[in-house]
*Asks:* 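Sharing a structure with you now.
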Amino acid sequence: MKLKYFAHSAFLVTTGKYRILIDPFLDGNPNSPVKSSEVPADFIIVTHGHGDHLGDTMKIAKRTDAQIICIYELANYLAKNGLKAHGMEIGGSCTFPFGRVKFTQALHGSEVGGIYTGPPAGVLLTAENKTLYHTGDTGLFGDMKLIGEMNAIDVLMLPIGDYYTMGIDDAVKAVEFIGPKLAIPMHYNTFPLIKTDPEAFIAQLMAVGKRGRVLNFGEEIEL
Ligand code: NI
Ligand code: MN
């Protein structure tokens with residue numbers, strides 16, 4: 001399995017057979033190395049309705065015919081706009097051709113243009129014997145400990161940009177709660193309000209004995 005970072009909270013997971021995009025905010029993302037017109041996708045997982053997460057989902061789904069996987073209310077919003085989406089809710093899981101998706105809680109908001117699109121979520125993605133946890137946008141919450149106890153997380157992707165989500169100190173605590181093999185910071189340096197130093201996050205992780213890695217924008221790693 002390969003994991004590629006497009007900056008902000010946008011990732012591409014590539015398994016032996018499938019390409020799964022998560023939160024593909026590309027065209028409006030000043031740090032994205034790719035445009036929505038050039039990314040491959042068989043599935044698109046969206047954590048919540050905010051523009052920097054729903055991003056270019058509709059354009060990409062129309063072009064590629066990728067199946068969208070998201071929270072039920074957001075799926076209904078997409079359906080009203082002519083797109084089919086697989087609507088789930090927090091705590092529920094479902095098996096897809098590429099693996100299993102389970103939505104977790106996230107402490108945040110979710111709307112598109114003033115329309116409420118259900119609760120925001122994080123996503124647990126299990127494929128090819130690896131489990132990834134993309135927290136979506138969230139503040140720190142104690143049940144991250146429970147998520148870590150119940151799931152052996154290989155890679156955790158979590159926000160560190162502060163203001164709308166956890167900042168570095170809370171994200172370090174989140175990593176301690178969840179206990180992943182590797183933590184990858186996201187949701188930073190896209191806008192002035194979320195400017196921070198991802199290497200400072202890695203240094204703070206090392207100080208508590210946890211492993212993290214900053215991915216360059218466009219960098220792909222093999223898991
Ligand atoms: Ni958000
Ligand atoms: Mn966001």
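Every heavy atom of this structure was used, including side-chain atoms; hydrogens, water molecules and symmetry mates were not. Whatever order the structure lists them in is the order used to number ligands and atoms, beginning at 1.
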*Asks:* For N/O/S atoms only: which one belongs to Asp52 and is nearest the Mn ion (ligand 2)?
*Replies:* OD2
*Asks:* Return yes when at least one N/O/S atom of His48 is nearer than 2.8 Å to the Mn ion (ligand 2), and no when none is.
*Replies:*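 Looking at His48, which is the residue asked about, there is no N, O or S atom under 2.8 Å from the Mn ion (ligand 2).
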*Asks:* With the Mn ion (ligand 2) as the reference point, give the N/O/S atom of Asp137 that is nearest.
*Replies:* OD2
*Asks:* Quick check: do Leu158 and Phe201 have side-chain heavy atoms less than 4.5 Å from each other?
*Replies:*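 They are in contact (side-chain heavy atoms under 4.5 Å apart), so the answer is yes.
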*Asks:* Relative to the Ni ion (ligand 1), which of the N, O or S atoms in His50 is the closest?
*Replies:* ND1
*Asks:* Can you label the angle between the His108 ring and the His48 ring as parallel, tilted or perpendicular, going by 30° and 60°?
*Replies:* perpendicular
*Asks:* Going by distance alone, is a donor N or O of one side chain under 3.5 Å from an acceptor N or O of the other, for His50 and Asp137?
*Replies:*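 There is no such pair between these side chains.
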*Asks:* Name of the Asp137 N, O or S atom nearest the Ni ion (ligand 1)?
*Replies:*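 For Asp137, the N, O or S atom at the smallest distance from the Ni ion (ligand 1) is OD2.
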*Asks:* Does either side chain, that of Thr95 or that of Arg100, offer a donor lying less than 3.5 Å from an acceptor on the other one?
*Replies:* yes
*Asks:* Name the one of Asn31, Asp23, Asp52 that satisfies side chain to side chain donor-acceptor pair (under 3.5 Å) with His8?
*Replies:*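 Going through the options one by one, the only one that passes is Asp52.
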*Asks:* Considering only N, O or S atoms, which atom of His53 is nearest to the Mn ion (ligand 2)?
*Replies:* NE2
*Asks:* Hey, is there an N, O or S on His108 sitting under 2.8 Å from the Ni ion (ligand 1)?
*Replies:* yes
*Asks:* With a cut-off of 2.8 Å, does Asp52 put an N/O/S atom close enough to the Ni ion (ligand 1)?
*Replies:* no
*Asks:* Parallel, tilted or perpendicular: which one describes the rings of His187 and Tyr164, with boundaries at 30° and 60°?
*Replies:* perpendicular
